[in-house]
Structure formats: C-alpha cells, structure tokens
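Report on one structure; see the data block that follows.
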Amino acid sequence: MEDFRFQNSTDIRFGKHHIDEELHDAVAQFGQNVLLTYGGGSIKKSGLYDRVMKALDGLHVVELSGIAPNPKIASVRDGQQLTKDHDIDVILSVGGGSVLDASKVIASAKYYDGDAWDLVADRGAKSRANIDQLPVVDILTLSATGSEMNSGSVISNPDLNIKLGTNGPNTPAVSFLDPQLTYSVSKWQTAAGSFDIFSHLTEQYFDRSTANDVKAGIIEGMMRSVIKWAPIALKEPDNYDARANLMWGATMALNGIARSGNANGWTVHPIEHELSAYYDITHGVGLGILTPRWMKRVLSDETEANFARFGREVWHLTGENDREIAEKAIQATYDWIKSLDIPMTLDDVDINTDENFVEMAQEAVRIGGLDQAGGYVNLTVDDVVDLYKASLTTDGFE
C-alpha cells in the first residue's frame, strides 16, 4: 500500500426530504447572487426547475442553460462571463455530472481573467491551484460520474478535438442526492451511467500497489452492488432501492476513498476521452466498449492473480487455476455490459473507420502517461491503436 492523504469536505444531503426544506439556506449561506446551471429541458419537464426556483425565492438568480453531455468549453466561457457580470457568490448546479463538471470550472473561472480553457489545458495543476473558487452547491439528477463529491471535471474542446480532466482546489460545498430525481432517467443513460460507475471502480481496483486489501475489499463490494442494482433500475425505473444504491455507489466510487493507497493512474478513461473528443459518443458507452478489450490486452502471468481475485470476489467464479478464472471474469464482465443493452463495438456507435486512431492513441498515451507507468500496465501508441481496432468487432468474445 502506498502513502496517501485523504480529505473531503462535501456536505452530503442524501434522501427524499432535503431539497424543499434545506436548499434555500444551503445556497444563501454563501451570498445572494446565484448562478443556476443546468442542461436541456428535462428539469423543467419534471417540475424540478419550479421547485428549485421556489426554494431560491428572495435570491438573485442568473441562469446558464444548455450545458451538454461531454460539457464543452463554450459553456464554461459563457458561465465565466456571467459570474463576472453579475458578481456571482455561489453556483447551483442542477443536473448530472456534465453540468456539475462545467460548474466547477466556472467556479474557478470567475477569478481568472484569461481564457477559461487555460484552466483545463494544464489540468488545473497550476492555474486553478493558485486562484480562488466560488462555492458550488449541486442537485444531482443522474448517477454516474461521482462529480458531486470530488474536485475533478472533464471538459471538451471540439475545436481542438481534445477532452481533458482538470482538478480544482475544492469539492462541492453541498450536494443534494435524491434518488427519486433519477426515476425519469432513460434506459440508455441509466445503463451508461451504471457502467461509468463500474469503470471508475475497475480503474482503481487494478493497480500496481500491493497488499492494499482494504481498498480492494471496498471496491469489490461496490462492484457487486452495481452489478446487482443496475439491471433492476433498468427494469423498474422507479425502484427506490435500485436508484439509491446506484446513486450512493457513484458517489463513493469517486470521492477518494476507493483510490486510497494506490500507485498508478487510470488507463481506459484517457483512451475513451479521445473517442468522446473526436466522435462525441456517450462516455459510459465508450468505456463499456473499451474495458473488456483492455482487460484482455493486459491479462498476463503478472496480472492474472488480480484478475482471478476479481473473478472470485466480484463474479463468484471458480476454476482450475488463476488464468482460467481470470479469463472467465473478463467474459463475465463483457456479458454483464451486454445485458445492459450497451453497444458492444465501435461500429455500433457509428465509428467504423480507423482513420483517427493513431492521432487518438498518441494523445491518450501522452495525457495518461500510459507508456511510463501511468496506468496499471504500460501501453504504447501501437497498443492503444490495436485496442481501438479490437473494439470495432466482437472478435475474441463469446
């Protein structure tokens, strides 16, 4: 187990009864001028927008709508201008992880006079660490990213075909997590979000650290929970227990606890970010396509013990030896993803050519440091190109 530090200051309000009773004071404690951020029209159709505006009565509310999935830097720039023009005191994000990711960068951008992309381009290493950040309160409507209890954001720049993660100085101040708000989430987004959660767990589970049993056990339990509850949420959209377990699982998967004691960074996410940057596909779907192929590629004599433990503890598999169980675990992962009706090849999401694969692989390797111990197993540009190509078909899976 590696040395680590852990601190998280987010105030979580989980359950059915917090928003109407507590939202006003949770926001007003930071000031009177509020930037309300949200995506499309879903919060208005559901009635959530009216509830929020009623709760904010008496405060000065400025709105920024239209924040898209795979949030674009244009929305961040618009928000930056609004925070300056209206001397915003606090941001209220209502929506999924994309809205919240953009909001957290906007929170830093108020105190930055240059282009907001600068705050993303260096991944926040210097630019955001040296400036203040507005407090962010959020109401979550989608279980997936875990953005509600971490300092990270992922922002796309379509002009550059780049999608980057950036970290700010603070986590959200207050996060309202009401599982009922996810009842209306489509099957597509429920499935994609569920695998996004699972992918966050696999990225932290397969790590070069040794004897990190506390972390491994925590993640195995969370994996089993997602495996159990995601299919139920798809069949019964208004099943509170299913939605609650997915929502809290998404939060716990990426609030820092699951990575405690880890040695390396992530692999599949930087590879998928290139797919989203070039083709604007749903993030969780891209992860679902890539992850089983990545597992196959990195399975070796050195890694089979970890994959075998994954098979035994998560999938309850048995076999003659570690390699057999490891291979069964990878197939079980593929089968479960497929059972969620997630597309299983790049061709299924209208990516049927390899014309951009080299450029995408070069950027993924550079950003993720994948050839320099940045991930679980070193990958070269050629390895990543082969991974993209393998994802064009179902070859290698039953």
Side-chain angles (χ1 to χ4, degrees), residues 27 30 33-43 61-142 144-173 175 254 269-270 273-274 276-278 280-283 363 367:
V27 173
F30 300 111
N33 297 329
V34 183
L35 177 63
L36 173 62
T37 59
Y38 55 98
S42 61
I43 69 166
V61 180
V62 178
E63 298 184 25
L64 174 64
S65 62
I67 298 175
N70 293 322
K72 311 302 186 288
I73 189 61
S75 291
V76 177
R77 289 169 176 150
D78 290 343
Q80 178 187 32
Q81 191 62 51
L82 290 172
T83 61
K84 293 176 180 292
D85 290 346
H86 298 274
D87 193 21
I88 293 299
D89 299 312
V90 56
I91 297 175
L92 174 59
S93 166
V94 182
S98 294
V99 175
L100 184 49
D101 278 10
S103 299
K104 285 189 278 187
V105 182
I106 293 168
S108 295
K110 179 188 177 180
Y111 300 101
Y112 186 69
D113 292 329
D115 182 11
W117 180 248
D118 296 342
L119 306 178
V120 180
D122 77 347
R123 311 195 75 175
K126 296 179 180 179
S127 57
R128 294 181 70 191
N130 294 325
I131 60 177
D132 205 348
Q133 177 176 308
L134 287 171
V136 176
V137 178
D138 66 271
I139 300 174
L140 194 66
T141 63
L142 177 68
T145 70
S147 190
E148 61 275 8
M149 202 176 177
N150 64 55
S151 63
S153 297
V154 181
I155 305 296
S156 294
N157 188 329
D159 293 334
L160 302 177
N161 282 331
I162 294 177
K163 179 177 179 179
L164 290 176
T166 173
N167 284 288
N170 301 314
T171 63
S175 291
L254 208 56
H269 271 67
H273 285 170
E274 297 306 307
S276 296
Y278 274 78
D280 202 26
I281 67 171
T282 300
H283 176 57
E363 194 69 2
I367 292 172

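Computed from a prediction, not measured in an experiment: that's the story for all the values here.
Across every non-hydrogen atom of Ala107 and Val136, the tightest pair is CB-CG2, 3.7 Å. Of all heavy-atom pairs between Asn150 and Gly152, the closest is OD1-N, 2.9 Å. Across every non-hydrogen atom of Arg77 and Ala116, the tightest pair is CG-CB, 4.2 Å. In plain terms, the two heavy atoms of Ala109 and Lys84 that are nearest each other are O-CE, 3.8 Å.
Side-chain contact between Phe30 and Val137 is present, with heavy atoms from C-beta onward closer than 4.5 Å. Under the 4.5 Å side-chain criterion, counting only non-hydrogen atoms from C-beta, Val105 is not in contact with Tyr112. Side-chain contact between Tyr111 and Leu134 is present, with heavy atoms from C-beta onward closer than 4.5 Å. Residues Thr145 and Leu100 are not in side-chain contact: their nearest non-hydrogen atoms beyond the backbone lie 4.5 Å or more apart. Two residues are said to be in side-chain contact when any heavy atoms from C-beta on lie closer than 4.5 Å; Ile367 and Lys163 fail this criterion. Under the 4.5 Å side-chain criterion, counting only non-hydrogen atoms from C-beta, Val94 is not in contact with Val99.
Asn157 contributes no side-chain N or O that, together with a main-chain N or O of Ile162, makes up a donor-acceptor pair within less than 3.5 Å. Remark: the backbone N or O of Leu119 is paired with a side-chain donor or acceptor of Thr166 at under 3.5 angstrom. Side-chain atoms of Glu363 do not come within 3.5 Å of backbone N or O of His273 as any donor-acceptor pair. Between the Gln80 side chain and the Asp115 main chain, no donor and acceptor come within less than 3.5 Å of each other. Side chain of Thr37 to backbone of Ser103: no donor-acceptor contact under 3.5 angstrom is found. Remark: side-chain polar atoms of Glu148 are not paired, donor with acceptor, to backbone N or O of Ser175 under 3.5 angstrom. Remark: side-chain polar atoms of Lys110 are paired, donor with acceptor, to backbone N or O of Ile88 under 3.5 angstrom. A donor-acceptor pair is defined here as one N or O able to donate and one able to accept, closer than 3.5 Å; such a pair exists between the side chain of Asp89 and the backbone of Asn33. Without hydrogens or angle criteria, Asn70 side chain to His283 main chain gives no donor-acceptor distance under 3.5 Å.
Between the side chains of Ser147 and Asp101, a donor-acceptor pair is found at a separation under 3.5 Å.
Once rounded to the nearest 0.5 Å, the distance linking CG of Asp159 with CD1 of Ile73 reads 10.5 Å.
Under the 4.0 Å criterion applied to side-chain N and carboxylate O atoms, Asp138 and Lys104 are not assigned as salt-bridge partners.
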